[in-house]
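Before any comments, here is the structure.
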Amino acid sequence: MNDEVLFCPDLDRAIALFARLGFRLDTIFPADDPTVAVLGGHGTRVRLVRAGAGERDLGDPGDPGDLPAAHPSFVVVRSGASAWRTGRAGMLYRDLIPDRQGGRYIASHIQIRDGGPVPDYVHFHAIQFQIIYCYKGWARLVYEDQGEPFVMQAGECVLQPPRIRHRVLEASPGLEVIELGVPAVHATHVDHDRALPTPTVRTERDFEGQRFVRFLPETARFTAARVPGFEACELGIAAATGGLASVHVLRARAPARFAARHDAELLFHFVLRGELTLDEHRLGAADAFVVPAGRPFAWSDASPDLELLEVALPGDFAFDPTGS
């Protein structure tokens, strides 16, 4: 079935109009700044495209397994220096990797400022990898084959494996989460036929080589980190993805200045609390940074309360402290 392509100045209003005409949303992308929505109804598919979109925005994102070439770069994003924009389901998004490393990665700081029910629906993402870390507040979520809805609190993290159906049901006022996914642009597909929770519970189910993980901070086990003067807790992501990625919380214990380099394709950090200096950049809570493979860098002047969220792809990589 060919799509009827219609351009509109306001995508949300156009979706609402077609819903009143009996159409249902099937696909929307990208989640952080929706440009295209595909709706079906009355034997017709309509592709709504936000005015100003480029020619390349008219088609669907490609196969998530066919990733664009990585373009590693050094990135520092400060909490007050990047704009918030309205994304899917009314959530607010702040870009933590603005250049997307060539379109391979997206990291977002997401807010729901007003608490209450979330206008979400059962959906899945065409992704290769995606994690969500709860930074502040709480959200009530439900996932395919994972039992009854649960409340994700600050400090918890979930791995959303490829194509797992899920829904955000409710959020506290001021909810903030950190989300990192591969690839940067991917489609969100609505599943109109799946009701959640599902009648069966299969916590070990395999989703394209990955399984769902919910990390609870009370289960954390910290050990000495590869970063000198820090301890780390891996959140169960490495095992659940077969080493595709790892996610750690790092805590300062006896930090001193050090210089290092690494060989990861992506090494992303988000400052959960405290302060540190990365090269000449003084960073604080809600700042984020990416250091590309092979580039020497230095950490110094870490505050005693410093905690960071670290996401690495692949999960196992070489980290070489070269001294000060």
Side-chain angles (χ1 to χ4, degrees), residues 31-32 64 87-89 91 93 96 105-112 118 120-172 174-182 186 188-189 191 194 196-198 201-221 232-249 266 268 270 272 288 307-313 315:
D32 65 309
R88 192 188 68 79
M91 303 176 195
Y93 285 72
L96 300 178
Y105 300 102
I106 182 171
S108 302
H109 184 181
I110 304 172
Q111 280 190 353
I112 297 179
V118 176
D120 200 11
Y121 33 79
V122 177
H123 65 278
F124 64 94
H125 305 293
I127 47 90
Q128 188 180 109
F129 170 76
Q130 189 176 57
I131 62 105
I132 297 176
Y133 179 91
C134 188
Y135 180 40
K136 296 180 181 180
W138 57 264
R140 193 161 66 94
L141 313 171
V142 62
Y143 285 88
E144 177 183 9
D145 289 345
Q146 307 305 312
E148 293 297 315
F150 63 88
V151 175
M152 181 172 66
Q153 305 274 3
E156 296 188 22
C157 182
V158 295
L159 171 69
Q160 294 187 165
R163 304 182 72 83
I164 189 171
R165 274 61 172 173
H166 58 284
R167 183 181 178 188
V168 183
L169 300 171
E170 186 181 3
S172 67
L175 170 71
E176 298 184 33
V177 303
I178 307 305
E179 180 181 280
L180 190 144
V182 180
H186 55 266
T188 296
H189 299 288
D191 191 333
R194 187 69 53 94
L196 296 180
T198 46
V201 177
R202 295 186 290 166
T203 57
E204 295 301 314
R205 178 179 167 183
D206 182 283
F207 293 87
E208 299 185 13
Q210 301 179 34
R211 59 180 174 80
F212 176 82
V213 166
R214 179 189 178 194
F215 168 80
L216 300 174
E218 56 266 29
T219 67
R221 298 292 182 268
C233 174
E234 210 284 321
L235 308 189
I237 308 304
T241 61
L244 174 67
S246 64
V247 179
H248 289 83
V249 171
L266 178 76
F268 167 87
F270 180 87
L272 297 170
E307 289 191 3
L308 303 108
L309 178 69
E310 176 189 277
V311 183
L313 287 94

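Treat the numbers as computed from the prediction; the structure is a model and nothing was measured.
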Output the distance between atom [atom1] ([X]) and atom [atom2] ([Y]), rounded to the nearest 0.5 Å.
{"X": "Asp191", "Y": "Arg167", "atom1": "CG", "atom2": "CZ", "result": "12.0 Å"}
{"X": "Gln153", "Y": "Ser172", "atom1": "CD", "atom2": "OG", "result": "8.0 Å"}
{"X": "Phe150", "Y": "Leu216", "atom1": "CZ", "atom2": "CG", "result": "9.0 Å"}
{"X": "Glu310", "Y": "Cys233", "atom1": "CD", "atom2": "SG", "result": "12.0 Å"}
{"X": "Leu309", "Y": "Cys157", "atom1": "CG", "atom2": "SG", "result": "7.0 Å"}
{"X": "Thr241", "Y": "Glu208", "atom1": "OG1", "atom2": "CD", "result": "13.5 Å"}

Is there a side-chain contact between [X] and [Y], using heavy atoms and a 4.5 Å cut-off?
{"X": "Arg205", "Y": "Arg211", "result": "no"}
{"X": "Pro162", "Y": "Gln210", "result": "yes"}
{"X": "Leu308", "Y": "Val249", "result": "no"}
{"X": "Ile110", "Y": "Glu176", "result": "no"}
{"X": "His109", "Y": "Tyr93", "result": "no"}
{"X": "Lys136", "Y": "Leu175", "result": "no"}
{"X": "Leu313", "Y": "Phe129", "result": "yes"}
{"X": "Gln160", "Y": "Ile132", "result": "yes"}

Q.
Pair Ile127, Val182 - check side-chain contact (heavy atoms from CB on, under 4.5 Å), show working.
A. CA-CA 6 Å; Ile127 47 90; Val182 180; over 6 Å; no
Q | Within 45° cone of Tyr121 ring axis and under 6.0 Å: Arg88 NZ or CZ | A |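 Yes, Arg88 sits over the ring of Tyr121.
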Heavy-atom closest contact ([X] atom, [Y] atom, distance):
{"X": "Ile112", "Y": "Ala171", "value": "CD1-CB, 3.9 Å"}
{"X": "His186", "Y": "Ile106", "value": "CE1-CG2, 4.4 Å"}
{"X": "Gly147", "Y": "Val201", "value": "CA-CG2, 3.8 Å"}

Q. Is the shortest distance from a Lys or Arg side-chain nitrogen in Glu234 or Arg221 to a carboxylate oxygen in the other one below 4.0 Å?
A.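 Result for this pair is no, no salt bridge flagged.
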Q.
Just to verify, which of Val142, Val118, Val151, Leu141 counts as forming a side-chain contact (heavy atoms from CB on, under 4.5 Å) with Leu169?
A. Val142
Q: Determine, stepwise, if the pair Gln130 / Leu180 fulfils side-chain contact (heavy atoms from CB on, under 4.5 Å).
A: CA-CA 6 Å; Gln130 189 176 57; Leu180 190 144; over 6 Å; no
Whether [X] side chain and [Y] backbone form a donor-acceptor pair below 3.5 Å:
{"X": "Thr198", "Y": "Asp145", "value": "yes"}
{"X": "Arg165", "Y": "Arg163", "value": "yes"}
{"X": "Glu156", "Y": "Ala154", "value": "no"}
{"X": "Ser246", "Y": "Ala238", "value": "no"}

Q: Please step through side-chain contact (heavy atoms from CB on, under 4.5 Å) for the pair Val158 and Ile131, ending with a clear verdict.
A: CA-CA 6 Å; Val158 295; Ile131 62 105; over 6 Å; no
Q | Derivation and outcome, ring pair (Phe, Tyr, Trp, His ring centres under 6.0 Å), residues Tyr135 and Phe270 | A | CA-CA 10 Å; Tyr135 180 40; Phe270 180 87; 5.1 Å; yes
Q. Between Tyr143 and Phe212, is the gap from one ring center to the other below 6.0 Å?
A.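 Centroid distance Tyr143-Phe212: below 6.0 Å, so yes.
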(Q) Can you see whether His125 engages Thr188 through a side-chain donor-acceptor pair at a distance of less than 3.5 angstrom? (A)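 The criterion, which ignores hydrogens and geometry beyond distance, is satisfied for Thr188 and His125.
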Q: Evaluate the criterion side-chain contact (heavy atoms from CB on, under 4.5 Å) for residue pair Gln146 and Thr203; output intermediate values, then yes/no.
A: CA-CA 6 Å; Gln146 307 305 312; Thr203 57; 4.0 Å; yes
Q) In chain order, what residues pass the ring pair (Phe, Tyr, Trp, His ring centres under 6.0 Å) check against Phe215, with sequence neighbours excluded? A)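 Residues passing ring pair (Phe, Tyr, Trp, His ring centres under 6.0 Å) with Phe215: none at all.
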Q. Can you list the residues that meet the ring pair (Phe, Tyr, Trp, His ring centres under 6.0 Å) rule with His189, with sequence neighbours excluded?
A. Phe124
